[in-house]
Protein chains: 2
Amino acid sequence: MKKIEPNTRELKTREFEAVCRKNGLALTIQRRTILEALASRSDHPTVDQVYEDIKDYLKGVSRTTVYRVLETFVSIGIARKISNPESKARFDADTKRHHHLTCIKCGKVLDLHDPTLDNLVPDTEAVREFDILDYSITFNGLCSCCQETAHYRP
Amino acid sequence: MKKIEPNTRELKTREFEAVCRKNGLALTIQRRTILEALASRSDHPTVDQVYEDIKDYLKGVSRTTVYRVLETFVSIGIARKISNPESKARFDADTKRHHHLTCIKCGKVLDLHDPTLDNLVPDTEAVREFDILDYSITFNGLCSCCQETAHYRP
DNA sequence: GTTAATGCAAAGCATTTGCACACGT
DNA sequence: ACGTGTGCAAATGCTTTGCATTAAC
């Protein structure tokens, strides 16, 4: 497992400990290790990649724990889960460029056609080696149905 | 199953038939029905939702066929698959707003930090009832590794 | 000492695959 | 007729769950 930059690690670790205390979560070696593994790579690892990264270092750790710990991190706000919101594929007959409004509560996806959002060009060096073919914006929030029942905002 | 607007249906159907002929694909009743079901709703149905929509109308149709037909539609460009690119969740320790470069070939996801993309506000009525909490842009394309081996662009 | 977290094994879903039969060309 | 497409059932892969053990507070 690659070590993360001291600065980043310190920051993440301190934030992590504070958030754990606030939420009454135990500071286990598994959580510490998984956080370090996750923070040490910027390529959005899958559960299995994190597991592979830590399993030699933390003998006997279970894949289940990696699943659970990562979900815990998402729920306390120190990590994000990208793609795969409900582990089901969704299909769309509209192949023109358009964007999506995704309800974080019920999973519903609505189309958003807005020409002002259709000609974005990223302006950083990171994209230099990347051949961009298309893009899509996902706005996450609460649909009208779910706003009424939601009592907090993440 | 709700019927789609005549105009839209005619368009989609004609496009569909042309593309099928071009690709040597058979015009089966399953493909026709699934296309109609998909085009008749704008809420990005899952495979199961499409299956539920057609199963009474097309007795004996198999869920497997819905899976296969929808993937066929995506490969010939008359439908899109949203979310769940590789049916695996990916996690990220960076919780600041940022965007993603996703390689459509190998599934790799890279971060893109670009302040010029961080203050988009959609300007349509569709968002009026939607409570937007956050957003993220996914740029789809080919990473440097995959550009060399890709011989066509979808 | 209590309560929460972990590990294991089994279960649960979504999705894919192999193969025989049916259908579109 | 030929080759593709479909249906079925089984397999696969990712993820979740129940329960006993272990560790954190």
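Within every chain, numbering begins at 1; the chains are lettered A, B, ... in the order of the sequence lines, protein sequences first and strands thereafter. Side chains included, hydrogens not; waters and symmetry mates left out as well; all remaining heavy atoms used.
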Do the side-chain N or O atoms of A:Ser62 get closer than 4.0 angstrom to the phosphate oxygens (OP1, OP2) of C:dT6?
no
Roughly, in whole Å, what's the span from NZ in B:Lys81 to P in C:dT15?
7 Å
Is any side-chain heavy atom of A:Phe91 closer than 4.5 Å to one of B:Pro45?
no
Can you find a heavy atom in the side chain of B:Phe130 that is under 4.5 Å from one in the side chain of A:Leu110?
yes
Hphob cluster co-occupancy, B:Ile132 + A:Ile137, side-chain heavy atoms under 4.5 angstrom
yes
Atom pairs under 3.5 Å: protein N/O with N/O of nucleotides 23-25 of chain C:
unit_1	atom_1	unit_2	atom_2	d
C:dT25	OP1	B:Leu27	N	3.1

Output the rounded distance in Å from CD1 (A:Ile54) to C1' (C:dT6).
12 Å
Specify the closest pair of heavy atoms between A:Pro122 and B:Phe139, including all atoms of both residues, with the distance to one decimal.
CD-CE2, 3.6 Å
Rounded to the nearest angstrom, tell me the gap between atom OH in A:Tyr51 and atom P in D:dG13.
16 Å
Expected rows: protein N/O vs nucleotides 9-12 of chain D N/O, under 3.5 Å:
unit_1	atom_1	unit_2	atom_2	d
D:dA9	N6	B:Thr64	OG1	3.3

Using atom types as modelled, flag every donor-acceptor pair under 3.5 Å from a side chain in residues 65-76 of chain A to any protein atom, sequence neighbours excluded.
unit_1	atom_1	unit_2	atom_2	d
A:Glu71	OE2	A:Lys81	NZ	2.7
A:Thr72	OG1	A:Arg68	O	2.8
A:Ser75	OG	A:Thr72	O	2.8

Do A:Leu58 and A:Thr33 have side chains that approach each other closer than 4.5 Å (heavy atoms only, starting at C-beta)?
yes
Which pairs count as side-chain hydrogen bond (donor to acceptor under 3.5 Å, both in side chains) when at least one residue sits in residues 91-100 of chain A, sequence neighbours excluded?
A:Asp92-A:His98, A:Asp92-B:His44, A:Asp94-A:Lys96, A:Asp94-A:His113, A:Arg97-A:Asp134, A:His98-A:His100, A:His98-A:Asp111, A:His99-A:Asp118, A:His100-B:His44
Beyond-backbone contact of B:Gln49 with A:Arg90, side-chain heavy atoms, under 4.5 angstrom
yes
Describe, as an angle rounded to 10 degrees, how the axis at the first end of the helix from C:dG1-D:dC25 to C:dT25-D:dA1 is tilted relative to the axis at the last end, five pairs per end.
40°
Return the 5'-most residue of the pair B:Gly24, B:Leu58 with respect to DNA chain D, ranking by each residue's nearest nucleotide.
B:Gly24
Any side-chain heavy-atom pair of B:Leu120 and A:Leu120 under 4.5 Å:
yes
Is there side-chain contact between A:Val109 and B:Asp43, with heavy atoms separated by less than 4.5 Å?
no
Kindly indicate whether the side chain of A:Arg31, heavy atoms from C-beta on, has any atom under 4.5 Å from the side chain of A:Thr28.
yes
Comparing nearest nucleotides in DNA chain C, the 5'-proximal residue of the pair A:Arg31, B:Asp48 is A:Arg31
Salt bridge between B:Arg32 and B:Glu17, side-chain N to carboxylate O under 4.0 Å?
yes
Separation of C:dA22 C1' from B:Lys59 NZ (nearest whole Å)
20 Å
Distance-only, no hydrogens or angles: does the B:Tyr135 side chain make a donor-acceptor pair with backbone N or O of B:Asn119 under 3.5 Å?
yes
Heavy atoms within less than 4.0 Å of DNA chain C: which residues of residues 67-74 of chain A have one? Give them sorted by number.
A:Arg68, A:Val69
Over how many whole Å does the gap from A:Asn23 atom CG to C:dT3 atom C1' extend?
16 Å
Whole-Å distance between C:dA14 P and B:Lys88 NZ?
19 Å
side-chain N/O A:Gln30 vs D:dA23 OP1/OP2, d < 4.0 Å:
no
With a 4.5 Å limit on heavy-atom distance, are the side chains of B:Phe16 and B:Leu27 in contact?
yes
